[in-house]
Number of protein chains: 2
Amino acid sequence: MNRNHHFTISAFAEASLLSIKALRLYDELGILPPALIDPDSGYRYYHPDQLGRARLIRQLRQLEMPLAIIRGVLEGSPAEAVAQVQAHWASLQQQMQVARVLVPDVIASLKGENPMSAFHIEIKTTAAQPVLSRTKHVYVDGLDSFIQNSVTELKALAVQQHAVVSGSPFGIFHGQINDESNGPLQVCLPLQAAVPGSDELPAGKLACVTVKGSECDFPNILKAYDAVADWITRHGYQMAGSPREVWHAMERGSEHMSIEWPFND
Amino acid sequence: MNRNHHFTISAFAEASLLSIKALRLYDELGILPPALIDPDSGYRYYHPDQLGRARLIRQLRQLEMPLAIIRGVLEGSPAEAVAQVQAHWASLQQQMQVARVLVPDVIASLKGENPMSAFHIEIKTTAAQPVLSRTKHVYVDGLDSFIQNSVTELKALAVQQHAVVSGSPFGIFHGQINDESNGPLQVCLPLQAAVPGSDELPAGKLACVTVKGSECDFPNILKAYDAVADWITRHGYQMAGSPREVWHAMERGSEHMSIEWPFND
DNA sequence: TCTTGACTCTCCCCTTTGGGCAGGGCTTAA
DNA sequence: TTAAGCCCTGCCCAAAGGGGAGAGTCAAGA
């Protein structure tokens, strides 16, 4: 068991409450290399001082922190490490918040209740709409800043082109945007008349729902999308394009948006 | 876009907020097969009525429910489905409870504080100990019942063999026990003298810590293991075998156990 | 009717965190 | 010396898709 007071891999596994497989992996990834490797046999020998690091890794894994981030925690200063753990903890809590909202909905819909009916759907028939727009692939983390920047930029462009803005800015979600999927998102500013460089959205019908306050936050907002999609299909129509999110007001505490989805008969 | 009012895969992806890749996977797994597959081209066409199921799958995936369990939710009765969602929600909450306990510890130890010192370590020197025992590979879910049954069985065996029980029952964790790892666990009943069928644990020194109440619950109990392992190595000793958990009292509200770890110089 | 561009298909490889096993070497105690 | 127990590397596997190649399909404009 002892080779100059070193642990064999199985003894170290037992002491650290990690598995042998995990230890070999952490060696390979360089986040917990053994203190000593016999060059002849390739046997791994661990020093008792490595138990603290092993224990930390075990605890972070128990928090489902990815090894890539654990590496950062181990390499950074204590202050950075604490910050990363806290950031991870915050994301766990946020995921939990999502679940807290979602679970009652799922259970209600499994029971046959219909939470969609809580939303009031309106129909709008629109003429062709000239818009200035910016389109980009973006993940959730870059979403807010892309929207802010684009709206600011488009408003400036409208002024420069002497174009008259005819409504609230909105975004067309051509693909989902989340941690893994990145749109694209087309941020639009509606105009009274076309100008050079403007696009034109086709005329058509929109199914709309308006939400305010906390209903605008993720993941609650998905309920509004579902309600609109549900309404369209339940009335025998078909979706005809990507859904839009109209930003009437986005100040903290008084958010006000609409979800609008094109459809046809 | 419409082939007898069916969605193409990309239209359905957009309406359901799922990705095309996911839809193809759900088809392959049989949990969301398209309403129609063109036998010539292999193209998938979805019916609007399938949106509800798609939405449900999306929501359950957002709760990180595995597809295998989602299949069960979809196939079972509404009551069963609700029960499975609630069970999943309970496990999410439990995982969160683990994190709530672990995070402050991790942060404290990153800051260089030492929560181990909160435990009082005692040293015991034991003679060879005859025991009746039962050893088994078992996962967490079977843990409690295996312990209960084994202790009951061993006590009956002791009576039958006219052996005198000399202490509280305990378990030797030869390997970790959790969702993926299954021990083995050796449940032991200490005897005053050997009888036929009894084993003998070797004499030696034990580092011990006693915990009560909520400190006995997972994951808090891991802190006690860490504290003992830490004490042993910090004092220049080595662990000599697997840790033991002595069950002095296990009634709800008045749990009382010791963690004992053999070591040598 | 043909072409072109967008859409879709299948097939294969990649990710992450290990678990499980095979074949072979190492160590140690009897 | 031999057998048992450890340990090594290397390979395949899981879940839930993402990414891309190469080939076939669809629909709209010329």
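What you see is a predicted model; the values in this text were computed from it and never measured. In what follows, every chain begins at residue 1, and chains take the letters A, B, ... in the order their sequences are listed.
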>> Pick the closest DNA chain D nucleotide for B:R24 and for B:L29 by heavy atoms, then say which residue is nearer the 5' end.
In response: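 On the 5' side of the pair lies B:L29.
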Atom [atom1] of [X] and atom [atom2] of [N]: how far apart are they, to the nearest Å?
X	N	atom1	atom2	result
B:L60	D:dA15	CG	C1'	16 Å
B:E28	D:dG17	CD	P	12 Å
A:I57	C:dT16	CD1	P	16 Å
B:E14	C:dT8	CD	C1'	16 Å
B:I20	C:dA6	CD1	P	15 Å
B:M65	D:dG17	CE	P	14 Å
A:D27	D:dG10	CG	P	13 Å
B:L36	C:dC9	CG	P	12 Å

>> If I compare all heavy atoms of B:F146 with all of B:S150, which pair ends up nearest, and what's the gap?
In response: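 Closest pair (atom of B:F146, atom of B:S150, distance): O-OG, 2.6 Å.
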>> To check you understand the geometry: which heavy-atom pair defines the closest contact between B:D27 and B:R44, and what is its length?
In response: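 Closest pair (atom of B:D27, atom of B:R44, distance): OD2-NE, 2.8 Å.
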> Quick check: are there more than 12 heavy atoms from other residues, nucleotides or ligands sitting under 6.0 Å from CD of B:Q93?
Replying inline: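 Counting other residues, nucleotides and ligands, CD of B:Q93 exceeds 12 neighbours.
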Measure from the side-chain heavy atoms of [X] and tell me the nearest of [options].
X	options	answer
B:I9	C:dC9, C:dG18, D:dA16	C:dC9
A:S41	D:dC7, C:dT17, C:dC26	C:dC26
A:Y43	C:dT8, D:dG17, D:dC8	D:dC8
A:K21	D:dC11, D:dC8, C:dC9	D:dC11

>> Whether the side chain of A:E260 engages the backbone of A:P243 through a donor-acceptor N/O pair (distance < 3.5 Å, no angle test) should be reported.
In response: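 The answer is no, because no donor-acceptor pair under 3.5 Å joins these two groups.
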> Hey, is the main chain of B:A54 close enough, under 3.5 Å, to the side chain of B:Q59 for a donor-acceptor pair?
Replying inline: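 Here the side-chain-to-backbone pair does not exist.
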> Closest nucleotide of DNA chain C for A:D40 versus for A:Y26: which of these residues is on the 5' side?
Replying inline: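 On the 5' side of the pair lies A:Y26.
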>> Using a 4.0 Å heavy-atom cut-off, does B:R44 contact any base of the nucleic acid, only the sugar-phosphate backbone, or nothing at all?
In response: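 Contact class for B:R44: sugar-phosphate only.
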>> Whether B:T8 contacts D:dC26 is assessed here as follows: a side-chain N or O lying under 4.0 Å from the phosphate OP1 or OP2. Is that the case?
In response: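 No.
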Shorter than 3.5 Å, N or O on both sides, protein versus nucleotides 13-15 of chain C: list them out with atom names.
none

> Would you call the rings of B:F12 and B:Y46 parallel, tilted or perpendicular, where under 30° means parallel and over 60° means perpendicular?
Replying inline: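 The arrangement is parallel - the two ring planes meet at less than 30°.
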> Are B:I147 and B:L185 side-chain neighbours, meaning at least one heavy-atom pair lies under 4.5 Å?
Replying inline: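 Yes, their side chains come closer than 4.5 Å.
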